[in-house]
Amino acid sequence: VLSLVGSEMCIRDRIYPMQTEVEGEANAIIRIEDITEQRKIEEQLIRADRLSSLGQLSGGIAHEIRNPLASINLFTDILCDKDKYDRPDQELELFDEIKENIVRIEQIIKRVLDFAKPPVTTTAEIDLNDLTRENVKFWSSKLKKSKIKLNLNLNNGLPPVQADVIGLQQVINNVVLNAIEAMAEGGNIDIRTALGKSSVNVNNHAVILSVSDTGPGIRTVHQEDIFNPFFTTKASGTGLGLSISHQIIQRQGGDISFKTSPEMGTTFSIELPAADSKNKFPDRPFLESGDGET
Ligand code: ADP
């Protein structure tokens, strides 16, 4: 059995030698099989196995984080109590930001705990452009610190996606933070949105959000592993960001993929089915990104 594993397609050749009546002559049957799908399923099963260990581990971690987080929440409430302290509006705004972030951490802990359980996600129609704009404030200080320029190229004519807003926010954040961390010496991040064909179901439209960086790219030896839980090349990394993102996007009928090279940097593409795409946009031409805002 000979296996030829290409970057996108996986082919298996089987050669069956046959004896013939004629001396000195040999025949053979060669069977060529496309086993790309089979390989993908095998990889997903291995990943699912690792994810179940992740579920057990996350229960312990979440429990440890929840208690101190509840204390931080309580003390923040006390500190912004208007009857006890007379604070300027500027300070109160900062406390609001802290509270908002505490809520986000609580939601993320819940996500991680739900990770190994069957999906019970609540979905809503989401405008990916709005969601992206809302998240920019969470990246601004890191962008500034790393001298990174962020360009938004958001296509205005996009249909909404049917997705879980917290999960999606988590995915976009993971991908953008990875891009920032890949460019310690500065660079550019381009976030684009566009309408395209779904790679999961070719008859449907998909909304695609791509995040491109001008970092060093992902080394060839690491490319197979980056969606695996606990795979990290960072000293303080957890290796959970992309595996969780992959799980979230797959549960919502979408896909997450990447293209990378040392010269061009890395582009992660998050693809989600357009809400009710079959009925709502049957003859709509695909929009190329590029005519949106920058
Ligand atoms: P973590 O960020 O904790 O390492 P992730 O699962 O988010 O975990 O990422 C796994 C690995 O994928 C990273 O450690 C890094 O090696 C690689 N990676 C992800 N995004 C990028 C990127 N934009 N550029 C280069 N490497 C990346």
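Just follow the structure's listing: the first ligand is 1, and inside any ligand the first atom is 1.
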* Donor on one side chain, acceptor on other, Ser210 and Ser269, under 3.5 Å -> no
* **Donor + acceptor pair across side chains of Asn174, Ser245 (<3.5 Å)** => yes
* **Worked check of salt bridge (charged side-chain N to carboxylate O under 4.0 Å, His left out) between Arg104 and Glu106** => CA-CA 5 Å; Arg104 276 166 67 84; Glu106 279 170 348; over 6 Å; no
* Structure fact -> Quick note, side chain to side chain donor-acceptor pair (under 3.5 Å) partners involving residues 80-90, not counting sequence neighbours, are Arg87-Glu91
* Asked: Can you list every side chain to side chain donor-acceptor pair (under 3.5 Å) pair that touches residues 67-76, not counting sequence neighbours?
  -> Asn73-Lys99
For ligand 1, list all ligand N or O to protein N or O distances below 3.5 Å, rounded to 0.1 Å.
residue	atom	partner	partner atom	Å
ligand 1	2 (O)	Asn178	OD1	3.0
ligand 1	2 (O)	Lys234	NZ	2.7
ligand 1	3 (O)	Thr238	N	2.8
ligand 1	3 (O)	Gly239	N	2.9
ligand 1	4 (O)	Thr232	OG1	2.5
ligand 1	6 (O)	Gly241	N	3.4
ligand 1	6 (O)	Leu242	N	2.8
ligand 1	7 (O)	Asn178	OD1	3.4
ligand 1	7 (O)	Asn178	ND2	2.9
ligand 1	7 (O)	Leu242	N	3.4
ligand 1	8 (O)	Gly239	N	3.4
ligand 1	14 (O)	Thr232	OG1	3.4
ligand 1	14 (O)	Thr233	N	2.9
ligand 1	14 (O)	Thr233	OG1	3.3
ligand 1	16 (O)	Thr233	OG1	2.4
ligand 1	23 (N)	Asp213	OD2	2.8

* Other ILVMFWY residues reachable from Ile29 by side-chain steps of under 4.5 Å ->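 Besides Ile29, the hydrophobic cluster comprises Tyr16, Met18, listed by chain and residue number.
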